[in-house]
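Notes follow once the structure below has been shown.
Atom set for the values below is all heavy atoms of this structure, side chains included, hydrogens, waters and symmetry mates excluded.
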Amino acid sequence: MIERSFFERDPLTCARELIGCELVWLGCAGVIVETEAYSAVDDEASHIFMRPSIRKFAEIHDPGTAYVYLNYGVHWLLNVLVKGGREDGFVLFRALEPTKGIEKMMERRGVTKIAHLCSGPGKLTQALGVDGRDNLRDLCVGGRRGFRQLATEPGRAAEVVADLRVGITRSAHHPWRFLARDSSFVSVGHGKVRASGKRSG
DNA sequence: ACACGGATACTA
DNA sequence: AGTATCCGTGTC
């Protein structure tokens, strides 16, 4: 399991370094191929910046705590709290390359194409069975839900590229989305996001 | 291109 | 109270 000190850093560093790690959720798992960083500093898109209740959340909980909320009244989105001193924030998980429990994910998602199982923040939570009950869960204890660093040969670690974040209007210019280069399991391909937050093409 | 849909923050 | 907004997905 990735230890708590990993999350005691700024959101951009955490979001970037989580690419290539494995997200484990009970019997299911996948390699993280897409994340976004949301910061308490200079980021109007961040809940921690905009919402007093979420700022309080960050104050009273440990780094490594899950933040799960309902978006657009439809989809649960999974974040992890990080606390890098002045720069606290969240990392949003946007896409996984499924590795374990694929049958179960297909069952929950109702689709059979592996590339469609976890290629979006709402799809990912549906595939893993994440919902509001997982809010506040400590992801740094036990082996049932959390993160694993995959053994990679030197020089073979996942190549990470940065891009604009998806679907936001405020602070849309920050290149705070991170992707595993050339992964076919991401939600939207690299370079396909415009500053407006809408997709191009 | 558009429907679906609930929580939050803001205005009164 | 009502309104605007929001880190999306599936189907048209």
Original post:
Counting distance only, does the side-chain N/O of Arg165(A) pair as donor-acceptor with the main-chain N or O of Ala37(A) below 3.5 Å?
Top reply: yes
Subject >> Heavy-atom pair with the smallest gap, counting every atom of Val82(A) and Pro11(A) >> reply: CG2-CA, 3.7 Å
Original post:
Does the side chain of Arg108(A) pick up a donor-acceptor pair with the side chain of Gln126(A) at under 3.5 Å?
Top reply: no
Original post:
Just the endpoints, please: which first and last nucleotides of DNA chain B, 5' to 3', lie under 4.0 Å from a heavy atom of chain A?
Top reply: dG5(B) to dA9(B)
Subject >> Pairwise ring pair (Phe, Tyr, Trp, His ring centres under 6.0 Å) hits with a residue in residues 4-45 of chain A, at least two apart >> reply: Phe7(A)-Phe147(A)
Acceptor/donor pairs from residues 49-63 of chain A side chains to any protein atom, 3.5 angstrom cut, sequence neighbours excluded:
unit_1	atom_1	unit_2	atom_2	d
Arg55(A)	NE	Ile48(A)	O	3.4
Arg55(A)	NH2	Ile48(A)	O	3.2

**OP:** Using the P atom as the reference point in each nucleotide, state the distance between dG5(B) and dC12(C) in Å, no decimals.
**Re:** 15 Å
Original post:
Between Asp88(A) and Lys83(A), is there a salt bridge with N-O shorter than 4.0 Å?
Top reply: no
Original post:
What integer distance in Å separates Arg109(A):CZ from dG10(C):C1'?
Top reply: 9 Å
Original post:
In dot-bracket form, how is DNA chain B paired, counting a Watson-Crick or G-U wobble pair only if both its distances are under 3.5 Å and using | for bases paired to another strand?
Top reply: ||||.||||||.
**OP:** Would you mind checking if Arg16(A) and Asp10(A) are paired as a salt bridge, meaning a charged N to carboxylate O distance below 4.0 Å?
**Re:** no
Subject >> Letter per nucleotide, 5' to 3', of nucleotides 1-7 of chain C [B base touched, S only sugar-phosphate touched, - untouched; heavy atoms, 4.0 Å] >> reply: -----BB
**OP:** Sort and list the pairs that fulfil ring pair (Phe, Tyr, Trp, His ring centres under 6.0 Å) and have at least one residue in residues 101-140 of chain A, not counting sequence neighbours.
**Re:** none
**OP:** Spell out, as yes or no, whether a donor-acceptor pair under 3.5 Å connects the side chain of Ser171(A) to the backbone of Glu44(A).
**Re:** yes
Original post:
With distance as the sole criterion, is a donor-acceptor pair present between the side chains of Glu22(A) and Thr99(A) under 3.5 Å?
Top reply: yes
